[in-house]
Number of protein chains: 2
Amino acid sequence: MGITKIEAYSEDILSKAQLFKALGHPARVAILDFLAKQTSCICGEIVAELPLSQASISRHLNELKDAGLIKGTISGTSVCYCINTDQIPQLNQFLNQLISPIDQTCCS
Amino acid sequence: MGITKIEAYSEDILSKAQLFKALGHPARVAILDFLAKQTSCICGEIVAELPLSQASISRHLNELKDAGLIKGTISGTSVCYCINTDQIPQLNQFLNQLISPIDQTCCS
DNA sequence: TATATTAATCGTAATATTGCAATATATAAA
DNA sequence: TTTATATATTGCAATATTACGATTAATATA
């Protein structure tokens, strides 16, 4: 999506931005939302759930996996996807830091 | 970034995806990180802080503003930007829901 | 008024994303 | 072994994003 000067930012910033980016598409939010309500999941069910082709969903699943937001294991002809919670606290912490009490005297 | 079938998702999903998308760039994460440490801020200081041109930063600030993640008021020749915390809880809640205890029997 | 300062906007080039159709791959079942 | 089922991958075409330089707009100051 255009040229990003990734070399100029800290690992920490880049890591968060990448995770948020992976979350920055309705299909992927919907997939995670769906997975959060399941104990396990097969890709096919997601295809039935979302208004996208199987190929598109496969791509989104792959992006989520690359970002470390889901993990999957192959079982027979189906693949089981689950949410990988490892990265979530990092994002929650960042968001909480944004809320943290500051004296907003200028823009309010 | 390609054609997204936004009309097919719920408002709730779209809203979250849009916020995450706005957070999905290192420059914008860095801007928010910087703003979180200030009580007030002038755009010029951000320009000095980041490895981007003034024009690029102005665009990122505008995107953050459009997303409702910052708010700004013009004061003299400078503009004061602050974090708008209104949307944050929505994201925190979503992330927490992803972590929420589920019986992951399949992918572990 | 003229000049300096600050931030927004415009134009353009490079690159990334999205979606679908078609195809490939792999396992299960007949 | 053949066929069916399920998921992944590839190859476009359309569109969005990013960054920068140059310019513009607006205010402050001399």
Side-chain angles (χ1 to χ4, degrees), chain A residues 1-9 13-14 17-31 35 40-67 70-82 106-107, chain B residues 1-9 13-14 17-31 35 40-67 70-82 106-107:
Chain A
M1 73 161 76
I3 310 155
T4 302
K5 295 173 69 173
I6 54 172
E7 73 282 357
Y9 301 95
I13 295 281
L14 288 174
Q18 199 159 6
L19 286 167
F20 282 130
K21 188 174 178 180
L23 289 164
H25 191 282
R28 296 193 287 271
V29 170
I31 287 173
L35 285 180
S40 67
C41 186
I42 302 160
C43 180
E45 293 183 24
I46 301 176
V47 172
E49 196 78 8
L50 293 187
L52 291 177
S53 72
Q54 177 266 325
S56 297
I57 288 172
S58 180
R59 279 205 170 179
H60 286 301
L61 286 170
N62 198 50
E63 265 185 83
L64 287 171
K65 199 172 182 182
D66 280 350
I70 62 174
K71 49 188 171 180
T73 43
I74 298 171
S75 62
T77 49
S78 62
V79 176
C80 168
Y81 283 112
C82 286
C106 76
C107 302
Chain B
M1 71 161 72
I3 310 155
T4 302
K5 296 172 68 172
I6 54 172
E7 72 282 359
Y9 301 96
I13 295 281
L14 288 174
Q18 199 159 6
L19 286 167
F20 282 130
K21 188 175 179 180
L23 289 164
H25 191 281
R28 296 194 286 271
V29 170
I31 287 173
L35 285 180
S40 68
C41 185
I42 302 160
C43 179
E45 293 182 24
I46 301 176
V47 172
E49 197 78 8
L50 294 186
L52 291 178
S53 72
Q54 179 266 322
S56 298
I57 288 172
S58 179
R59 282 209 166 178
H60 285 302
L61 286 169
N62 198 51
E63 266 184 81
L64 287 171
K65 198 173 182 182
D66 281 349
I70 63 174
K71 50 187 172 181
T73 42
I74 297 171
S75 62
T77 48
S78 62
V79 176
C80 168
Y81 283 111
C82 287
C106 77
C107 302

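All values below were derived from every heavy atom in this structure, side-chain atoms included, with hydrogens, water molecules and symmetry-related copies excluded. The shown structure was predicted, so the numbers you read here are calculated from the model rather than taken from an experiment.
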Over all heavy atoms of both residues, which pair between L52(B) and A27(B) is shortest? Give the atoms and the distance, please. CD1-CB, 3.6 Å
Under 4.0 Å: is that the gap between some side-chain N or O of Y81(A) and OP1 or OP2 of dA8(D)? yes
What's the CD-C1' distance between E49(B) and dA7(C), to the nearest Å? 18 Å
Side-chain donor/acceptor of Q54(A) to base of dA6(D), under 3.5 Å: no
Point-to-point distance, once rounded to the nearest 0.5 Å, from OH of Y9(A) to OG1 of T4(A): 7.5 Å
Does a nitrogen or oxygen in the side chain of S58(A) sit under 4.0 Å from OP1 or OP2 of dA8(D)? yes
Using a cut-off of less than 4.0 Å, is there contact between a side-chain N or O of H60(A) and OP1 or OP2 of dT17(C)? no
Here the distance between atom P of dA19(D) and atom CZ of R28(B), to the nearest Å, is 8 Å
Is the phosphate of dT7(D), meaning OP1 or OP2, less than 4.0 Å from a side-chain N or O of R59(A)? no
By side-chain hydrogen bond (donor to acceptor under 3.5 Å, both in side chains), which residues pair with Q18(B), not counting sequence neighbours? none
Using a heavy-atom cut-off of under 4.0 Å over every strand shown, decide if L52(B) touches base, sugar-phosphate, or nothing. sugar-phosphate
Ignoring backbone atoms, establish whether K21(B) has a side-chain N or O less than 4.0 Å from OP1 or OP2 of dT17(C). no
Roughly how many Å is it from CG in L14(B) to P in dT18(C), rounded to a whole number? 14 Å
If you check every side-chain atom of H25(A), which of dT18(D), dA22(C), dG19(C) has the closest atom? dG19(C)
Please report, rounded to the nearest Å, how far the C1' atom of dA8(C) is from the CD1 atom of I42(B). 17 Å
What is the distance from CG of L61(B) to P of dT6(C), rounded to the nearest Å? 16 Å
Which nucleotide wins on minimum distance to the side chain of S56(B), given the candidates dG19(C), dT18(D), dC20(D)? dC20(D)
Backbone N or O of L23(B) within a donor-acceptor pair of the R28(B) side chain at under 3.5 Å? no
Distance below 4.0 Å between S53(A) side-chain N/O and dC20(C) OP1 or OP2: yes
Quick one: closest heavy-atom pair of A30(B) and L50(B), and the distance? CB-CD2, 3.6 Å
Can you measure L50(A) atom CG to dT7(D) atom C1' for me and round it to whole angstrom units? 15 Å
Report the distance from atom CD1 of I70(B) to atom C1' of dA8(C), rounded to the nearest whole Å. 13 Å
Between dT17(D) atom P and Q18(A) atom CD, what is the distance in whole Å? 18 Å
